[in-house]
Amino acid sequence: VREEMGKSVDNRNLFPWQKEMDACTYCSYCKSVCPVFAQLKWDSSVARGKINLAYGILYGDLKPDASVADRLFQCTMCMDCHRRCPTKIKVMDIVEAARAELIGQGFGKPGQKALVENVLKSGNIFAEKALAPKAGTTPVFIGCNYGQRPNLVRLFVNVLEKAGISPAIGEEVCCGYPLKTLGFKEGFEKQRAIFQEKMKGHPEVITFCPTCTMFLHEEYGLKVRHVLEVLDEKLGKNGITLKSLGLTATWHDPCHLSRGAKIVDPPRRLLSRMGVTLKEMPKNKAESHCCGGGGGILSSDEKLSDQIGLKRAGQAAKLGVDTIISACPTCELTLGKACRTLVAQGQPKIQVKSIYELLHKALG
């Protein structure tokens with residue numbers, strides 16, 4: 001704790017981000033891209049408003065309460081505000097620090113606490129048994145969301161093997177991202193140590209989950225390649241022919257794949273080789289609109305998540321396609337739910353497909 005401007009400041013969470021908060025000019029460019037602001041319309045729901053809330057907490061000008069906590073947890077960490085910000089303020093880091101302060105003061109929600117308990121007790125967000133290890137030569141990290149679907153993991157393994165890759169899957173545990181993004185610092189440090197122990201001897205790894213892809217590199221310094229990058233390269237070099245699926249669809253760029261890992265072209269090249277005709281949504285590639293499922297919001301505000309997902313699904317519906325393709329388990333979940341809502345509202349059916357499922361079919 002130190003004194004700043006005559007007030008007591010706790011430097012453990014928010015103080016390291018003081019200069020970032022000072023840099024915000026409140027220009028409002030973040031308003032044009034924030035999926036949360038598009039639904040709530042309150043200044044406190046957009047990046048500049050959240051920075052203001054965090055600043056108030058830092059200097060004791062704002063006493064946290066349930067309404068402040070709600071706002072700071074109403075963020076999908078989609079990173080679009082950072083992309084649009086002229087100053088490139090690290091909004092996500094500031095929000096994480098503010099959340100950590102709130103969690104420390106007892107403002108955690110039941111759904112958040114349950115998720116954290118699942119990770120610390122079982123090693124994954126669903127409190128399921130660990131994924132069965134598989135011997136191979138190339139380390140692969142499946143991640144919590146995919147790892148609890150054994151039939152899908154077998155499909156992943158099959159796709160990799162047909163591309164000439166021998167996947168090695170270890171005794172996986174959660175990378176800890178959900179704990180960190182929600183502000184559970186103590187729990188994250190525990191999980192971080194466990195994860196690092198499990199990943200010893202694997203400085204390079206192939207990932208399937210976009211969030212894991214970004215987080216394993218940024219938090220742990222691992223050399224990470226997303227599987228779509230690898231498959232795009234391998235299938236091209238090996239001259240493997242993909243069957244034409246004769247499908248017309250739209251591709252949804254996951255936020256952490258496009259803005260986080262900067263991967264936008266490999267999936268499009270793969271889809272083209274599978275005979276998929278793409279109709280692009282207005283918001284695509286680095287400017288892709290969030291699905292509404294990131295940043296722990298499913299455990300914080302499911303209603304808001306649904307609203308954001310419905311907007312994204314509506315953008316696909318306007319194209320007249322019957323299929324949305326993506327490569328993120330959370331996107332598939334939220335967009336699938338949104339598409340079922342559209343059907344209930346009397347609109348045509350839209351299915352949500354994993355690109356890995358299509359690759360499996362195209363590889364024969």
Side-chain angles (χ1 to χ4, degrees), residues 77-79 82-83 90 92-93 96 119 123-125 130-131 133-148 152-153 156-157 159-161 163-181 188 191-237 253-270 285-286 288 293-295 326-332 354-356 359:
M77 299 292 190
C78 75
M79 307 171 66
H82 176 72
R83 177 192 66 81
K90 296 178 180 178
M92 287 64 64
D93 293 307
E96 278 186 3
V119 171
N124 66 74
I125 59 176
L131 184 69
K134 180 192 178 300
T137 57
T138 304
V140 173
F141 187 76
I142 302 294
C144 293
N145 267 302
Y146 281 141
Q148 306 312 310
L152 192 59
V153 174
F156 289 170
V157 169
V159 167
L160 289 171
E161 289 177 340
I165 300 166
S166 173
I169 302 173
E171 293 182 356
E172 290 194 0
V173 294
C174 178
C175 66
Y177 173 81
L179 283 67
K180 188 172 189 291
T181 197
F188 171 65
Q191 188 61 24
R192 190 178 196 277
I194 295 170
F195 181 80
Q196 286 180 311
E197 183 63 30
K198 292 287 186 182
M199 294 299 289
K200 270 186 178 179
H202 299 300
E204 299 183 20
V205 64
I206 293 174
T207 51
F208 277 84
C209 171
T211 301
C212 293
T213 302
M214 183 181 70
F215 197 64
L216 265 60
H217 173 67
E218 292 184 355
E219 181 66 31
Y220 297 100
L222 299 177
K223 184 178 180 181
V224 182
R225 296 198 73 195
H226 188 267
V227 67
L228 293 182
E229 285 184 292
V230 177
L231 291 174
D232 178 43
E233 180 183 288
K234 284 279 187 181
L235 296 178
K237 283 184 178 179
D253 292 274
C255 298
H256 288 170
L257 190 66
S258 60
R259 282 188 286 277
K262 306 292 190 295
I263 298 171
V264 295
D265 292 327
R268 287 172 169 82
R269 283 195 291 263
L270 287 167
K285 298 185 178 180
S288 181
S326 195
C328 170
T330 303
C331 294
E332 292 164 26
S354 165
I355 190 173
Y356 310 121
L359 281 165

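What you see below is based on every heavy atom in this structure, not just the backbone, and it leaves out hydrogens, waters and symmetry mates. Small disclaimer: the values here were computed from a predicted structure and weren't measured.
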Handout entry: Side-chain (Glu332) to main-chain (Ser354) donor-acceptor, under 3.5 angstrom
Key = no
Handout entry: Residue pair Pro267 / Ile263: nearest heavy atoms and the distance that separates them
Key = CD-CG2, 4.1 Å
Problem - Sequence-distant partners of Arg225, side chain to side chain contact (heavy atoms under 4.5 Å, CB included), two or more places apart - result: Glu229, Val230, Glu233
Problem - Flag, side chain of Ser288 to backbone of Cys255, donor-acceptor distance under 3.5 Å - result: no
Practice task
Could you tell me which non-hydrogen atom of Leu231 sits nearest to which non-hydrogen atom of Ala163, and how far apart they are?
Solution key: CD2-CB, 3.6 Å
Fill in the blank from the handout: Heavy atoms of Pro167 and Glu161 approach each other most closely as CD-CG, 3.9 Å
Exercise for the section: Not counting sequence neighbours, which residues clear salt bridge (charged side-chain N to carboxylate O under 4.0 Å, His left out) with Lys90? List them please. Expected result: none
Handout entry: Pair Asp232 + Arg268, salt bridge at N-O below 4.0 Å
Key = no
Handout entry: Qualifying residues under salt bridge (charged side-chain N to carboxylate O under 4.0 Å, His left out), relative to Glu218, sequence neighbours excluded
Key = none
Completion exercise
One should read off an interatomic distance between Arg259 CZ and Cys78 SG, to the nearest 0.5 angstrom, of 5.0 Å
Practice task
Rounded to the nearest 0.5 Å, what's the gap from SG on Cys174 to CZ on Phe215? Could you check?
Solution key: 8.5 Å
Practice task
For His217, check side chain to side chain contact (heavy atoms under 4.5 Å, CB included) against everything at least two apart and list the hits.
Solution key: Val224
Practice task
Using a 4.5 Å cut-off on heavy atoms from C-beta on, say whether the side chain of Thr138 contacts that of Leu160.
Solution key: no
Handout entry: Carboxylate-amine/guanidinium contact Glu172 Lys198, below 4.0 Å
Key = no
Handout entry: Side-chain (His256) to main-chain (Met77) donor-acceptor, under 3.5 angstrom
Key = yes
Exercise for the section: Please work out whether the ring planes of Phe208 and Tyr146 are parallel, tilted or perpendicular, with thresholds of 30° and 60°. Expected result: perpendicular
Exercise for the section: Classify the ring geometry between Tyr220 and Phe188 as parallel (under 30°), tilted (30 to 60°) or perpendicular (over 60°). Expected result: tilted
Handout entry: Test side chain to side chain contact (heavy atoms under 4.5 Å, CB included) applied to Cys212 - qualifying residues, sequence neighbours left out
Key = Phe141, Cys175, Cys209, Leu216
Practice task
Under the side chain to side chain contact (heavy atoms under 4.5 Å, CB included) rule, what do Leu359 and Leu228 come out as? Steps first, then yes or no, please.
Solution key: CA-CA 10 Å; Leu359 281 165; Leu228 293 182; 4.3 Å; yes
Practice task
Determine, stepwise, if the pair Glu96 / Met92 fulfils side chain to side chain contact (heavy atoms under 4.5 Å, CB included).
Solution key: CA-CA 6 Å; Glu96 278 186 3; Met92 287 64 64; 5.6 Å; no
Problem - Val227 and Phe156, any side-chain heavy atoms less than 4.5 Å apart - result: no
Practice task
State, yes or no, whether a side-chain contact exists between Leu257 and Met214 at a heavy-atom distance under 4.5 Å.
Solution key: no
Fill in the blank from the handout: Distance col, row Cys328:SG vs Asp253:CG, nearest 0.5 angstrom, shows 11.5 Å
Handout entry: Non-hydrogen atoms of Thr137 and Ala168 that approach each other most closely
Key = N-CB, 4.1 Å
Handout entry: Check: Arg192 side chain, Gly176 main-chain N or O, donor-acceptor pair, under 3.5 Å
Key = no
Exercise for the section: Might you work through the side chain to side chain contact (heavy atoms under 4.5 Å, CB included) test for Gln148 and Val153, ending with a clear yes or no? Expected result: CA-CA 8 Å; Gln148 306 312 310; Val153 174; over 6 Å; no
Handout entry: With sequence neighbours excluded, residues passing side chain to side chain contact (heavy atoms under 4.5 Å, CB included) with Asn145
Key = Ile125, Phe126, Pro329, Thr330
Problem - 4.5 Å side-chain heavy-atom contact, Glu171 and Pro133 - result: yes
